[in-house]
**Student:** 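Shown below is the structure under consideration.
Counting starts at 1 for both ligands and their atoms, in listed order. Throughout, numbering of the chain's residues begins at 1 and tracks the sequence.
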Amino acid sequence: MTGVQEKLKVIAPATGEQIGEIEETPIRQVEQFYHRGRMAFNDWSQLPLKKRLDYLRTLKEIMVNQMEAIAKIIADDTGKVLTEAIIADIMPTLDGIDHMCKHAEKVLKGKKVATPVLLIGKKSSIEYMPRGVVLVISPWNYPFQLAMIPVISALVAGNTVILKPSEVTPLVGKCIEELFSQAGFPEGVIQVAHGGKEVGAAFTTGKPDYIFFTGSVRTGKIIQQVAAKDLIPTTLELGGKDPLIVFADAHLERAAKGAVWAAFTNSGQVCMSAERLYVEKTIYPQFLALLKKEISTLRHGSDRDADVGSMTFPAQIDIVKEQLTDALNKGAVLETGLSPEEWEHGMFLPLTVVKNVNHQMKIVQEESFGPILPVIPFESEEEVIALANDTKYGLNASVWTKDRQKARRVASKLVSGAVVINDAIISVANHGLPFGGAKQSGIGRYHGDGGLKIFCHEKSIIEDSGRKKTEIHWYPYRDKYPLFLTLFQSYFKTNKNWIKFSKMYVKLLKKG
Ligand code: NAD
């Protein structure tokens, strides 16, 4: 061991310049992190919820005051434009805090539950108990929001947290660490471990009490396997290949604007971005023209008014290139954009609409995570539902039509964690709605009431006054069988025979 700490270089993707260095957490410290987290759990879990929420309110105030500085860190570290840093990373986090401050007490409060007649005289209730030390592993595309919301939810529920943010956007990880420190969270309550997948893997094997992972399907499967060895519960928020369906009776200008935004916001590096566009055949040429017109108004850049930022992760460009090349080799045609060999070097990719594509192509089957949008015409509602569902993913979808009944009918048939009608992506922005995927887009949900409850053991309590000497279902069983038989038959018959039931009950009581 040299004692020299590894450093993560911070490169601004939009400019290629090094803008910082972050010390990597040495793997030998994993045990210390868990030890500190477990020590801190004793007090944090016992702190009244109101007090935990006070820490959150302080955090929120700091975030509001430092909003511009945080937005700049996010934009520099990811290459996304400032407007998107504010609307899609910072705002949803603040709104999530507000939501929790408003609802957490009700959600986490113990509840009384009715007790069935067969358990006469007892009381039933549910209690929510924090799990312990929660490990949150987060990705680089929305590095602020996708780390903050699970961390905050776990903290509110009374857990302590270790966050392993993405090594691709380490400045944001550092910024999160500093925000919690400024808000005065007690030592060990929230710790941030910096580093890449080796650090993530080391923390995964460190036996957390819960793992909340957001990232690729590939890593999600690895994490699930490791967690399964110790039966550690997990939530997995994974990839997507979301369909956007436009019917001929939609407001076409709105749908085209919406589709362009849904496909190209954050340079298409969105788990819920529109990655397959299905357009009703009768309006297909007209809609392609509208897309082209809308795209021509957009401007790449990193200034305040820019629309589309750069890619964040260089390796992602190779994936996009490979998918597009494969499609073009198989007969796809560019409607906008350039073929990959014409792309300039650098992290800004052309906004690319591709037609003549089919479901055998990678560009339609695999997650792209870049600014490319394959477009496919369809003829009927049944056909487009089948096409939309022909994927291993199921994160989000959107349906565009003025016929609300048709929209709801189609939405109900899509195998997807969420569906947005006449808009896209925004289901994630309502913290009252559960968020998560179907099929390989993930396991579990967060946001909403469930977003706090997943970080708790849901404990059932049933109590008896303890005054009676015995119970009818206890030993001895001698002579009880026929009485139970009559008791249950009289109780479970469609027309309950209460007289018979009471008689048998009294007889059983007498038997002791
Ligand atoms: P990734 O899986 O490569 O990395 C995610 C995180 O896991 C990073 O912090 C990384 O360091 C860590 N990691 C990698 N290997 C690990 C291992 N073996 N053990 C433990 N940790 C490990 O994903 P990414 O490239 O950062 O993010 C892009 C992916 O995330 C896309 O597939 C996208 O669709 C998905 N995503 C999903 C959601 C959602 O909510 N469903 C949101 C955003 C992104």
**Student:** Quick one: does NZ or CZ of R276 land under 6.0 Å from the six-membered ring centre of Y278, within 45 degrees of the ring axis?
**Tutor:**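 Judged by the rule, R276 and Y278 form no cation-pi pair.
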**Student:** Between E24 and K7, does at least one N-O distance fall below 4.0 Å, as a salt bridge requires?
**Tutor:**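 Answer for the salt bridge query: no.
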**Student:** Counting heavy atoms only, which of K164, Q225, E367 comes nearest to atom 32 (O) of ligand 1?
**Tutor:**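 Nearest option to atom 32 (O) of ligand 1, by heavy atoms: E367.
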**Student:** Check each heavy atom of V199 against ligand 1 and say whether those closer than 4.0 Å belong to the side chain, the backbone, both or neither.
**Tutor:**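 It is neither; nothing of V199 touches ligand 1.
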**Student:** List every atom of ligand 1 that sits less than 4.0 Å from any heavy atom of E237, numbering the atoms from 1 in the order shown and giving each element.
**Tutor:**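 This gives 37 (C), 38 (C), 39 (C), 40 (O), 41 (N) as the contact atoms.
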**Student:** Select the closest option to atom 29 (C) of ligand 1 among G240, G215, A193, judged by heavy-atom distance.
**Tutor:**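 Answer by nearest heavy atom: G215.
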**Student:** Any salt bridge between R28 and E31, counting N to O under 4.0 Å?
**Tutor:**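 Looking at R28 and E31, the cut-off is not met.
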**Student:** Determine whether the side chain, the backbone, both or neither of F435 has a heavy atom under 4.0 Å from any heavy atom of ligand 1.
**Tutor:**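 Under 4.0 Å from ligand 1, F435 contributes side-chain atoms alone.
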**Student:** Side chain, backbone, both or neither: which applies to F369 and ligand 1 if a contact is any heavy-atom pair less than 4.0 Å apart?
**Tutor:**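 For F369, the contact with ligand 1 is made by the side chain alone.
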**Student:** Over 60° means perpendicular and under 30° means parallel, so classify the ring planes of H99 and H431, tilted if in between.
**Tutor:**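 Rings of H431 and H99: tilted, 30 to 60°.
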**Student:** How does V168 reach ligand 1, if at all, at less than 4.0 Å between non-hydrogen atoms: by side chain, backbone, both, or neither?
**Tutor:**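 It is neither part, as no heavy atom is under 4.0 Å.
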**Student:** Got a salt bridge between D77 and K174, using NZ or NE/NH1/NH2 to carboxylate O under 4.0 Å?
**Tutor:**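 Between K174 and D77 there is no salt bridge, as every charged N stays at least 4.0 Å from the carboxylate O atoms.
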**Student:** Run the numbers for me: atoms of ligand 1, each under 4.0 Å from some heavy atom of L146, listed by number.
**Tutor:**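 Heavy-atom distances to L146 below 4.0 Å select 42 (C), 43 (C).
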**Student:** So which bit of F213 gets within less than 4.0 Å of ligand 1, heavy atoms only: side chain, backbone, both or neither?
**Tutor:**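 Looking at F213 and ligand 1, just side chain atoms fall under 4.0 Å.
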**Student:** For H300 and F348, take the angle between the two ring planes, folded into 0 to 90°, and tell me which bin it lands in: parallel under 30, tilted 30 to 60, perpendicular over 60.
**Tutor:**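 If you compare the ring of H300 with that of F348, the planes turn out perpendicular.
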**Student:** Can you tell me which portion of T204 lies within the under-4.0 Å heavy-atom range of ligand 1? Options are side chain, backbone, both, or neither.
**Tutor:**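 For T204, only side-chain atoms sit under 4.0 Å from ligand 1.
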**Student:** For atom 19 (N) of ligand 1, which of the options G437, A201, A147, G239 provides the nearest non-hydrogen atom?
**Tutor:**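 Closest candidate by heavy-atom distance is A201.
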**Student:** Go through ligand 1 atom by atom and flag the ones less than 4.0 Å from a non-hydrogen atom of G200.
**Tutor:**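 Per the distance check, 19 (N), 20 (C), 21 (N).
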**Student:** Verify the ring-centre separation between W44 and Y55: is it less than 6.0 angstrom?
**Tutor:**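 Yes, the ring of Y55 comes within the 6.0 Å limit of the ring of W44, centre to centre.
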**Student:** Between L238 and ligand 1, which residue portion shows a heavy-atom distance shorter than 4.0 Å: side chain, backbone, both, or neither?
**Tutor:**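 Under 4.0 Å from ligand 1, L238 contributes backbone atoms alone.
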**Student:** Taking the side chain as every heavy atom from C-beta outward, state whether I137 and F212 have any pair of such atoms under 4.5 Å apart.
**Tutor:**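 Result no, sub-4.5 Å side-chain heavy-atom pair not found.
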**Student:** Under 3.5 Å, N or O to N or O, is E167 touching ligand 1 that way?
**Tutor:**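 Yes; at least one N/O pair falls below 3.5 Å.
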**Student:** Check for me whether P165 has a heavy atom closer than 4.0 Å to any atom of ligand 1.
**Tutor:**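 Per 4.0 Å heavy-atom rule, P165 contacts ligand 1.
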**Student:** Is the number of heavy atoms from other residues, nucleotides or ligands under 6.0 Å of K72 NZ greater than 12?
**Tutor:**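 Counting other residues, nucleotides and ligands, NZ of K72 stays at 12 neighbours or fewer.
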**Student:** List the steps, then state whether side-chain hydrogen bond (donor to acceptor under 3.5 Å, both in side chains) holds for T93 with Q145.
**Tutor:** CA-CA 6 Å; T93 307; Q145 188 211 154; over 6 Å; no
**Student:** In terms of atom number and element, which parts of ligand 1 are under 4.0 angstrom from non-hydrogen atoms of S138?
**Tutor:**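 Result: 6 (C), 8 (C), 9 (O).
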**Student:** Suppose I only count heavy atoms of N141 and a 4.0 Å limit; which atoms of ligand 1 are within that range?
**Tutor:**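 The atoms of ligand 1 under 4.0 Å from a heavy atom of N141 are 43 (C), 44 (C).
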**Student:** Have a look at ligand 1 and work out which part of R218, if any, has a heavy atom under 4.0 Å from it: side chain, backbone, both or neither.
**Tutor:**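 Neither part.
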**Student:** Which of the atoms in ligand 1, numbered in the order shown and given with their element, are less than 4.0 Å from a heavy-atom of T214?
**Tutor:**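 With T214 as reference, the close atoms of ligand 1 come out as 5 (C), 37 (C), 38 (C), 39 (C), 40 (O), 42 (C), 43 (C).
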**Student:** How does I223 reach ligand 1, by side chain, by backbone, by both or by neither, if only non-hydrogen atoms under 4.0 Å count?
**Tutor:**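 Contact part for I223 vs ligand 1: side chain (C-beta onward).
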**Student:** Salt bridge check: are E275 and K241 linked by an N-O gap of less than 4.0 Å?
**Tutor:**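 Salt bridge between E275 and K241, a charged N being under 4.0 Å from a carboxylate O: yes.
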